[in-house]
Every structure is written in C-alpha cells, then in structure tokens.
*Asks:* 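If you scroll down you'll find the structure; I have some questions about it.
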Amino acid sequence: MSTLHTKVAVITGGNSGIGLATAKELLEKGATVVITGRRQSAIDEAIKQLGPKATGILADTADLTHTDALVEKVKKLHGKVDILFINAGVGHFFPLEAATEAQFDQIMNINFKGAYFTLSKFLPLLNEGSSVIFLSSVSAITGMANSSVYSPSKAALNSLVKVASTELAPRKIRVNSVSPGPIDTPILDKAGLDEATREGFVSAFKARVPLKRFGTAEECAKLVAFLASDDAAFITGGDYVIDGGVAVNPIFG
C-alpha cells in the first residue's frame, strides 16, 4: 500500500473504536492526524496513545458551531486536508413504536446532519485529489429490527456518497463509505442495552455471522486506510462492506 507521508488526515470521533484504530493506522503509514471527540478526557487519553504527530480537538458533530470552529482550528494548524474520515456516530436501538422525537433528532443530528455539514464545511480545505470516507453501516442495507432510526441515518450517508462523489469529481476528490457489520467496539456499550440483553445479542449475532465472529476496529481501519491512499485513486462513489458475510446472508429473518 502507498505510504501517506505529507498527508493530513482529520478523523471525527477519533478518540475510540474504529476512529482511534484508523488514527493509529494512518499514523503508521506516515500521515499527520487530527482527531475529534465530545469528551476532553477521552481525547487526552487517545492522544497519549497516538503520540506527537496527532492533535486532538474537542468538537461535537451535532453542533454546527463546533464544526465551524474545528475547520478554523485545522486551517490554522495545517492549512489543507488530504483525508477526511467522517466517523463520528451513535447507535441507539428501540422498537418503532417506542421512538421519541428526541431520540430521532439525536441520531439524525449526529449520524447524518452532522456528517453532511462536516463534509460541506471542510470542502474549502480539501486538496485536489483528497479522499473523503464516511463510516456507514451494514444496517443501511438490511432490515434489522429495532433500527428504524439508526438504519435510515446510515442509508442517507450512502446516498450522500453518490451525490458528493459526482459533484466533487472535477476536483478529483474521491468520496466513499465503509459499512461495518458486527464490530467489537465501544458502540455496543453505548447502545442503551442492559448487560444481559447485550450478552444475548452478541452471542446470537456471532453464531449467525457466516465467519462466526465479530470483526475488529483494526480490520476496519485497514480498509479506511486503503481508500485514503493513492492505491485507491480510481475508486469513488462506492460503499465497501466489511461484515463477515452479514449482508449476503439472511440472518435477520
């Protein structure tokens, strides 16, 4: 794979999970990395792991004033950006009839609205030939129960990828998405499930995944790093599934 020396990468939600694993992968390949997060303590802990070529900035994707401030800080630090990994997101799951307006707004504001305006507001900083990668989900193309808000929030990203890849092609900016299936990340701990429900969900899901295991954040990071590199220079407008076979197997029936 091509190295990423001289490249500047911005990763939203980069203080844990897939975002943190991707920050480590990009740094190993020579990139300079900026991560964001919503908690300063989590950012500080991540930066201890990442080292001096990484910078952490406090920013809430759901708050567009934070995104404006983030863009200005990155501009002052690095001037331009080569890799934009729009990774920040939340996953909350509940039956259709149980959804509240507040839950709907929180998920959509972070997963779609925040992601949309992160790309929009970073456009002036993106170099020609940059790579933009959204973190979507296999849930965008499956019908998993209790995901009536989460799944559409990710499906909207997949649609945005197609439009953005067309609009930004004249600048040779490539736009793609990565859609993980069951990945062992902290998002499961934040999904609002009690411990018994969580363990039951994990055990049942693992048994029905064709490869019989959860993926790792590091495996996702390698896919993101490939799409960020010049090795993927002719790849744009696509959604790349990394799910152990979930999308091609009727496990939700």
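Positions are given from 1, in the same order as the sequence printed here. Atom set for the values below is all heavy atoms of this structure, side chains included, hydrogens, waters and symmetry mates excluded.
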*Asks:* Are the side chains of Val224 and Ile11 in touch, meaning some heavy atoms are under 4.5 Å apart?
*Replies:*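 No, too far: nothing below the 4.5 Å cut-off.
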*Asks:* According to side chain to side chain contact (heavy atoms under 4.5 Å, CB included), who are the partners of Phe117, at least two apart in sequence or on a separate chain?
*Replies:*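 By the side chain to side chain contact (heavy atoms under 4.5 Å, CB included) rule, Phe117 matches Leu64, Lys113, Ser120, Lys121.
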*Asks:* Start with the C-alpha gap between Ile86 and Val132, add the side-chain angles, then the distance that decides, and say whether side-chain contact (heavy atoms from CB on, under 4.5 Å) holds.
*Replies:* CA-CA 8 Å; Ile86 302 174; Val132 177; 4.3 Å; yes
*Asks:* Counting only heavy atoms not in Lys53, do more than 12 fall under 6.0 Å of its NZ?
*Replies:* yes
*Asks:* Can you name the nearest heavy-atom pair linking Ile183 to Ile242, along with the distance?
*Replies:*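 So the minimum-distance heavy-atom pair works out to CD1-O, 4.1 Å.
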*Asks:* When you measure from the side chain of Thr12 to the backbone of Asn87, do you find a donor-acceptor pair of N or O atoms at a distance under 3.5 Å?
*Replies:*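 Confirmed, Thr12 side chain pairs with Asn87 backbone.
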*Asks:* Find out whether Val81 and Ser130 are in side-chain contact, i.e. whether some heavy atom of one side chain is under 4.5 Å from a heavy atom of the other.
*Replies:* no
*Asks:* Nearest 0.5 Å, please: how far is CG in Leu70 from CZ in Phe122?
*Replies:* 4.0 Å
*Asks:* With no hydrogens and no angle check, is any side-chain donor or acceptor of Thr100 less than 3.5 Å from a backbone partner on Gln103?
*Replies:* yes
*Asks:* Say whether, by atom type as modelled, one donor and one acceptor occur between the side chain of Asp184 and the main chain of Phe214 under 3.5 angstrom.
*Replies:* no
*Asks:* What heavy-atom pair brings Asp243 and Pro182 nearest, and what distance separates the two atoms?
*Replies:* O-CD, 3.8 Å
*Asks:* Quick one: does any side-chain atom of Arg174 pair with a main-chain N or O of Ala232 as donor and acceptor, under 3.5 Å?
*Replies:* yes
*Asks:* Taking atom NE2 of His66 and atom CG of Leu58, what is their separation to the nearest 0.5 Å?
*Replies:* 7.0 Å
*Asks:* Between Leu126 and Leu119, which heavy-atom pair has the shortest distance, and what is it?
*Replies:* CD1-CD1, 4.3 Å
*Asks:* Who pairs with Glu219 by salt bridge (Lys or Arg N to Asp or Glu O under 4.0 Å), at least two apart in sequence or on another chain?
*Replies:* Arg213
*Asks:* Ignoring hydrogens and geometry, is there a side-chain-to-backbone donor-acceptor pair from Asn176 to Gly237 under 3.5 Å?
*Replies:* yes
*Asks:* Can you tell me how far CZ of Phe226 sits from CG of Asp231, rounded to the nearest 0.5 angstrom?
*Replies:* 6.0 Å
*Asks:* Calculate, to the nearest 0.5 Å, the distance between atoms CG and OG1 belonging to Leu227 and Thr22 respectively.
*Replies:* 10.5 Å
*Asks:* Can you check whether Val175 reaches Thr166 side chain to side chain, under 4.5 Å on heavy atoms?
*Replies:* no
*Asks:* Does some side-chain heavy atom of Gln106 sit less than 4.5 Å from a side-chain heavy atom of His92?
*Replies:*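 They are in side-chain contact.
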*Asks:* Taking Ala155's backbone N and O only, do any of them form a donor-acceptor pair with Ser159's side chain (distance below 3.5 Å, no angle check)?
*Replies:* no
*Asks:* Is a salt bridge present between Lys24 and Glu28, judged by a nitrogen-to-oxygen distance below 4.0 Å?
*Replies:*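 Looking at Lys24 and Glu28, the cut-off is not met.
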*Asks:* Between Val163 and Glu167, is there a side-chain heavy-atom distance shorter than 4.5 Å?
*Replies:*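 Side chain of Glu167 against side chain of Val163, heavy atoms only: contact under 4.5 Å found.
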*Asks:* Might you confirm whether atom OH of Tyr116 has over 12 heavy atoms from other residues, nucleotides or ligands at distances under 6.0 Å?
*Replies:* no
*Asks:* Just checking Lys80: does its NZ atom have more than 12 heavy atoms from other residues, nucleotides or ligands closer to it than 6.0 angstrom?
*Replies:* yes
*Asks:* Could you go through the side-chain contact (heavy atoms from CB on, under 4.5 Å) check for Val33 and Thr55 one step at a time?
*Replies:* CA-CA 6 Å; Val33 174; Thr55 303; over 6 Å; no
*Asks:* Closest approach of Thr67 and Thr61, non-hydrogen atoms and distance?
*Replies:* OG1-O, 4.1 Å
*Asks:* Return yes if some donor-acceptor pair links the side-chain N/O of Asp60 with the main-chain N/O of Arg38 below 3.5 Å, else return no.
*Replies:*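 No, the answer is negative, given that no donor and acceptor are paired below the 3.5 Å cut-off.
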*Asks:* Atom CD1 in Ile110, atom OG in Ser153: separation rounded to 0.5 Å?
*Replies:*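 These two atoms lie 10.0 Å from each other.
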*Asks:* Work out which heavy atom in Gly13 is nearest to a heavy atom in Ala88; give both atom names and the distance.
*Replies:*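 The answer is N-CB, 3.8 Å.
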*Asks:* One pair to check against side-chain contact (heavy atoms from CB on, under 4.5 Å): Ile235 and Tyr240. What are the steps and the verdict?
*Replies:* CA-CA 11 Å; Ile235 297 176; Tyr240 295 88; 2.9 Å; yes
*Asks:* Using only heavy-atom distances, determine whether the side chains of Ser136 and Asn158 contain a donor-acceptor pair under 3.5 Å.
*Replies:*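 The answer is yes; a qualifying pair exists.
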*Asks:* With Thr118, which residues qualify under side-chain hydrogen bond (donor to acceptor under 3.5 Å, both in side chains), at least two apart?
*Replies:*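 Testing Thr118 for side-chain hydrogen bond (donor to acceptor under 3.5 Å, both in side chains), a comparison that skips the adjacent residues, returns none.
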*Asks:* Could you check Ser179 against Asp239 for side-chain hydrogen bond (donor to acceptor under 3.5 Å, both in side chains), going step by step and ending with a plain yes or no?
*Replies:* CA-CA 7 Å; Ser179 285; Asp239 176 48; 2.6 Å; yes
*Asks:* Within the 4.5 Å heavy-atom criterion, are Tyr150 and Val90 side-chain neighbours or not?
*Replies:* no
*Asks:* Other residues, nucleotides and ligands only: do more than 12 of their heavy atoms fall within 6.0 Å of NZ on Lys48?
*Replies:* no
*Asks:* Rounded to the nearest 0.5 Å, what separates atom OG in Ser131 from atom CD1 in Ile133?
*Replies:*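 Separation between the atoms: 3.5 Å.
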*Asks:* Passes side-chain contact (heavy atoms from CB on, under 4.5 Å), Leu26 versus Phe85? Steps please.
*Replies:* CA-CA 11 Å; Leu26 298 184; Phe85 182 29; 5.8 Å; no
*Asks:* Locate the shortest heavy-atom distance separating Ile57 from Leu77; write the atom from each residue and the value.
*Replies:*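 So the two residues come closest at CD1-CD1, 4.3 Å.
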*Asks:* Are any non-hydrogen side-chain atoms of Val161 and Ser177 less than 4.5 angstrom apart?
*Replies:*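 Of all side-chain heavy-atom pairs linking Ser177 with Val161, at least one is under 4.5 Å.
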